[in-house]
Amino acid sequence: MVRKKVNLDVLNMLCCWVEDPNSEAFKLHLPRIPDYLWVAEDGMKMKGNDGDQSWDVAFAIQSIIATELVEDCEMTLRKAHNFIKSSQVQDNCLGDFSSWHRHISKGAWTLSTADNKWQVSDCTAEGLKAALLLAKLPSNVVGEPLAAEQFYDAVDVILSLQNKCGGFSAYELARSYAWLELMNPSEMFVGIMIDHPSTECTSSAIQALADFRKAYPQYRKEDIETSISKAVNFMKKMQLPDGSWWL
């Protein structure tokens, strides 16, 4: 899970140190320690994650455009567009990543930056929505848009994260059974033993796929139509009697 990533960085660094304190692998960890670990006035601190920059920027872009403040925020949108473009993950993990149970990540947006590398369905959906909106604006104002292939990669990631039930998980498919939560060792988090489908991720995915379909109607047309239909049915099933949805 992304929210556990920085904790895993510490453990991974220790493993590299135990294996060889002089190794290149261990040395590469050292410059990234300040990303998540530091000493404050009342002791050592550790982040639960390395930030939520991509998430925040995507929503800021959508808000500025929705409120018709483009002319007042041209420089802000240009900078935000550059960040969105640079924070999209460009490659999958090295090696046979599926053999160690990692999902595809090329084309995704993470919660924070591309260095995080952990794809997230709703972050990818919101990043895609923002990029599609910016692509409609003059390039002399907000900069050049993403290439079509980059939009395609984002859609591929989103579609890959839809479960059989129609709902979208955040980081990976729900690979096992809900009863595994009985063995949840955490005192802080519930629902972490598998990546459960959520209405929030599913809603973002529906919106992003619908927006993309308007801009690129021929790319994976049938897959997108099927995905949206299944996702809408999932949302209907998850609606509570009072009309609301739970995350």
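Worth knowing before you read on, the calculation uses all heavy atoms, side chains too, and leaves out hydrogens, waters and symmetry mates.
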Would you compute the distance between atom [atom1] of [X] and atom [atom2] of [Y] and round it to the nearest 0.5 angstrom?
X      : Y      : atom1 : atom2 : result
Ser139 : Arg78  : OG    : CZ    : 8.0 Å
Ser186 : Met193 : OG    : CE    : 10.0 Å
Ser176 : Glu181 : OG    : CD    : 10.0 Å
Cys123 : Asp52  : SG    : CG    : 8.5 Å
Lys236 : Phe234 : NZ    : CZ    : 14.0 Å

Could you pull out all residues at least two apart from [X] that satisfy salt bridge (Lys or Arg N to Asp or Glu O under 4.0 Å)?
X      : value
Arg175 : Glu172
Lys45  : Asp42
Lys85  : none
Asp153 : none

Is it possible for you to say whether [X] and [Y] belong to one hydrophobic cluster, with membership spreading through side-chain heavy-atom contacts below 4.5 Å?
X      : Y      : result
Ile65  : Leu69  : yes
Leu133 : Ile206 : yes
Val89  : Leu132 : no

Any ion pair linking Arg32 and Asp115 (charged N to carboxylate O, less than 4.0 Å)?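 Yes, charged N to carboxylate O under 4.0 Å.
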
SB check Arg220 Asp156 (cutoff 4.0 Å):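 The answer is yes: the pair qualifies as a salt bridge.
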
Decide yes or no for [X] and [Y]: does some side-chain heavy atom of the first lie under 4.5 Å from some side-chain heavy atom of the second?
X      : Y      : answer
Gln53  : Ser87  : no
Met13  : Ile33  : yes
Leu209 : Arg213 : no
Pro197 : Ser169 : yes
Leu173 : Ile194 : no
Met46  : Asp9   : no
Phe97  : His103 : no
Leu77  : Val141 : no

Search all heavy atoms of [X] against all heavy atoms of [Y] and return the closest pair with its distance.
X      : Y      : value
Ala131 : Leu146 : CB-CD1, 3.7 Å
Asn184 : Val190 : ND2-CA, 3.8 Å
Pro145 : Ala135 : CB-CB, 3.8 Å
Ser105 : Gln119 : CB-OE1, 3.5 Å

Do Val120 and Leu161 pass the side-chain contact (heavy atoms from CB on, under 4.5 Å) test, and can you show the C-alpha distance, the side-chain angles, and the key distance before you say yes or no? CA-CA 9 Å; Val120 192; Leu161 287 166; over 6 Å; no

For the side chain of [X] and the backbone of [Y], is there at least one donor-acceptor N/O pair under 3.5 Å apart?
X      : Y      : result
Thr202 : Phe168 : yes
Ser86  : Asn82  : yes
Asp195 : Tyr171 : yes
Gln150 : Ala147 : yes
Lys129 : Ser204 : no

Using atom types as modelled, flag every donor-acceptor pair under 3.5 Å from a side chain in residues 238-247 to any protein atom, sequence neighbours excluded.
{"unit_1": "Gln239", "atom_1": "NE2", "unit_2": "Gly243", "atom_2": "O", "d": "2.8"}
{"unit_1": "Asp242", "atom_1": "OD1", "unit_2": "Ser244", "atom_2": "N", "d": "3.0"}
{"unit_1": "Asp242", "atom_1": "OD1", "unit_2": "Ser244", "atom_2": "OG", "d": "2.7"}
{"unit_1": "Asp242", "atom_1": "OD2", "unit_2": "Ser244", "atom_2": "OG", "d": "3.4"}
{"unit_1": "Trp245", "atom_1": "NE1", "unit_2": "Met235", "atom_2": "O", "d": "2.7"}

Full working for side-chain hydrogen bond (donor to acceptor under 3.5 Å, both in side chains) between Ser203 and Gln207: CA-CA 6 Å; Ser203 173; Gln207 295 172 58; 3.0 Å; yes

Just to verify, what does [X] make a side-chain contact (heavy atoms from CB on, under 4.5 Å) with, not counting sequence neighbours?
X      : result
Thr124 : Ala108, Trp109, Ala154, Val157, Ile158
Lys230 : Gln162, Thr226
Ser99  : Asp96

Side chain to side chain donor-acceptor pair (under 3.5 Å) contacts touching residues 64-77 (sequence neighbours left out):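 Every candidate side chain to side chain donor-acceptor pair (under 3.5 Å) pair involving residues 64-77 fails, so no pair, neighbours aside, qualifies.
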
Any ring-ring contact (aromatic ring centres under 6.0 Å, His included) pairs touching residues 132-157, not counting sequence neighbours?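 Output for this query lists Phe151-Tyr216, Tyr152-Tyr216, Tyr152-Tyr219.
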
Give me each pair satisfying ring-ring contact (aromatic ring centres under 6.0 Å, His included) with a member in residues 40-92, each pair once, sequence neighbours excluded.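 Residue pairs passing ring-ring contact (aromatic ring centres under 6.0 Å, His included), neighbours aside: Trp55-Phe59.
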
Which is it for Ile84 and Gln88 under the side-chain contact (heavy atoms from CB on, under 4.5 Å) test, yes or no, and what are the steps along the way? CA-CA 6 Å; Ile84 285 291; Gln88 187 182 26; over 6 Å; no

Using distance only, find each side-chain donor-acceptor pair of residues 19-29 under 3.5 Å and give its atom names and separation, not counting sequence neighbours.
{"unit_1": "Asp20", "atom_1": "OD1", "unit_2": "Asn22", "atom_2": "N", "d": "3.0"}
{"unit_1": "Ser23", "atom_1": "OG", "unit_2": "Asp20", "atom_2": "O", "d": "2.9"}
{"unit_1": "Ser23", "atom_1": "OG", "unit_2": "Phe26", "atom_2": "N", "d": "3.1"}

Verify the distance criterion only: is there a donor paired with an acceptor across the side chains of Gln90 and Lys106 at less than 3.5 Å?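 On atom types as modelled, these side chains do not qualify, holding no pair under 3.5 Å.
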
Flag if over 12 foreign heavy atoms under 6.0 Å of CE, Met75: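 No, the 6.0 Å shell around CE holds no more than 12 heavy atoms from other groups.
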
